[in-house]
2 protein chains.
Amino acid sequence: MSQGKEKILQTALEAFAEKGYDGARIDTIAKTAGVNKALIYYHFKSKEELFTAVINDLFEKAASVSIEPTGTSVRDNLIQVMEHFIDFLHGNPYFVKIMDQSVAQDRDIFHQLHHQNFFFEAVMGMYQLGVRTGECRKVDHPEEYVVSLLGAVYFYFSHHRAIRKFYGTISEEEVISIRKRTMRDIIARLIFV
Amino acid sequence: MSQGKEKILQTALEAFAEKGYDGARIDTIAKTAGVNKALIYYHFKSKEELFTAVINDLFEKAASVSIEPTGTSVRDNLIQVMEHFIDFLHGNPYFVKIMDQSVAQDRDIFHQLHHQNFFFEAVMGMYQLGVRTGECRKVDHPEEYVVSLLGAVYFYFSHHRAIRKFYGTISEEEVISIRKRTMRDIIARLIFV
DNA sequence: AGAATTATACTAAACAGTTAGTCTAAATTT
DNA sequence: AAATTTAGACTAACTGTTTAGTATAATTCT
């Protein structure tokens, strides 16, 4: 991939994340990326296609960080996946912003994305395995608990600015560490007998 | 409030929720509301001010639905507040959409809104009371559990389209009912000894 | 090897449609 | 009488997109 194209994609990601699809300006993206506006249309045939490319890029990266838990019990594996999820959201702040905006606006692309249920399927599968092995408690609606767990993790990042202040002045790394500990506790209390 | 103004506010709310601030069009809002475009500028001096009015309206409504729990125990009150939160989000789908978009875009207005921490403060206060009365278990970071609970509730609504399919073909009312039951269980397991 | 051609990356400037916002004059409602 | 609403033309600025052309290095032809 050419240097210009890469710069455009990176800059566009930030722009779309901060301003949303409609708020982002091709002019601004070009200027910020330090390239001519026409170069964007040399590489991508429209704003919509640029957005699609940005999203695909993002989800590709998300999927490439594979999660093949290495633990010896369902409990360990579930915790690994959850911590991985937290690390991913922590390391990709733009991901959450673009997700929230695009989901709220019901953008086309998201109907085609199969990676979307990535974490959900992973967690759900492990839980069901846990029920079979007797490690996890059997409940009427397992999807309820999976959604709740994912939501609990996701919410901190999606509403970070509003929430962060309740944690005081400690470093972000420390908050992440605390979040992981809490989520381990929550998983233990909700899913395991 | 005049009939036209009210119609404009309602239509603008839907437009901003669906399309976002930048995606919403004044012309379309006027047409949909069935009023002349000039009337919008008669009541509001700019698009930005219309948006502000819409947000204030929304939060006023949110705050007006007061939550003064009537239960006899912290447990009952906490459940009441949580169910009220679920009902509110269920009954105000635009609220979530506007929240997600505006939070992601870090819009000015949200820095001035004090209602924002409404539910957080309410839940946090009850939890602390519960710790004092011995009803709730004492944890190192109570804010962690409050954030997790709110996130678990909020997530279902904010990512409704993506999540809903995991629940099959049952009615939305039924899902809400199931969600409430699950959240009661989660609260019991997380906060109460 | 040197000339001709191609491919890729890129730019400057303009085009064409859109959009927030304005103006004026009249009509209707309260 | 005052507040509200309509009608619709109008504009200034903006914004996505196109066009036509440049630079350069690699490839192919002679």
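Per chain, numbering begins at 1; letters A, B, ... match sequence-line order.
A 6.0 Å sphere centred on NZ of K19(B) holds no more than 12 heavy atoms belonging to other residues, nucleotides or ligands. Annotation: R161(B), atom CZ; neighbour count of heavy atoms from other residues, nucleotides and ligands within 6.0 Å does not exceed 12.
Scanning DNA chain C 5' to 3' for nucleotides with an atom closer than 4.0 angstrom to a non-hydrogen atom of chain B gives a first and last hit of dT19(C) to dC23(C).
In this structure, F51(A) and F16(A) have perpendicular ring planes: the angle between them is above 60°, well past the 30° mark. Taking the six-membered ring where the residue is Trp, F88(B) and F95(B) present perpendicular rings, their angle passing 60° and hence far from 30°. Ring orientation note: the planes of F85(A) and Y154(A) are close to parallel, at an angle under 30° on the 30°/60° scale.
Residues F157(B) and I176(B) have side chains in contact (heavy-atom distance under 4.5 Å, counting atoms from C-beta outward). Using a 4.5 Å cut-off on side-chain heavy atoms (C-beta onward), S158(B) and K97(B) make no contact.
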Distances for protein N or O near nucleotides 21-27 of chain D N or O, under 3.5 Å:
none

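When every heavy atom of R184(A) is checked against every heavy atom of M82(A), the shortest pair comes out as N-CE, 3.9 Å.
Using a 4.0 Å cut-off between charged nitrogen and carboxylate oxygen, E135(A) and R75(A) do not count as a salt-bridge pair. Taking a cutoff of 4.0 Å between a charged side-chain nitrogen and a carboxylate oxygen, E48(A) and R107(A) qualify as a salt bridge.
T72(A) meets the side chain to side chain contact (heavy atoms under 4.5 Å, CB included) test with D76(A); sequence neighbours excluded.
Within residues 21-44 of chain B, the residues approached by DNA chain C to less than 4.0 Å at the level of any non-hydrogen atom are A24(B), R25(B), I26(B), K37(B), A38(B), Y41(B), in residue-number order. Contacts with DNA chain D (heavy atom under 4.0 Å) in residues 3-20 of chain B: Q3(B), G4(B), listed by number. Listed by residue number, the members of residues 45-58 of chain A with any heavy atom below 4.0 angstrom from DNA chain C form an empty set.
Of the residues E143(B), H141(B), E144(B), the one that meets the side chain to side chain donor-acceptor pair (under 3.5 Å) test with Y167(A) is E144(B).
Here L129(B) contributes atom CG and S73(B) contributes atom OG; the two are 10.5 Å apart, rounded to the nearest 0.5 Å. Between atom CD1 of residue I86(A) and atom NE2 of residue H90(A) there is a gap of 10.5 Å, rounded to the nearest 0.5 Å.
Figure legend: cation-pi geometry between R164(A) and Y156(A) absent, as NZ or CZ is not positioned both under 6.0 Å from the six-membered ring centre and within 45° of its axis.
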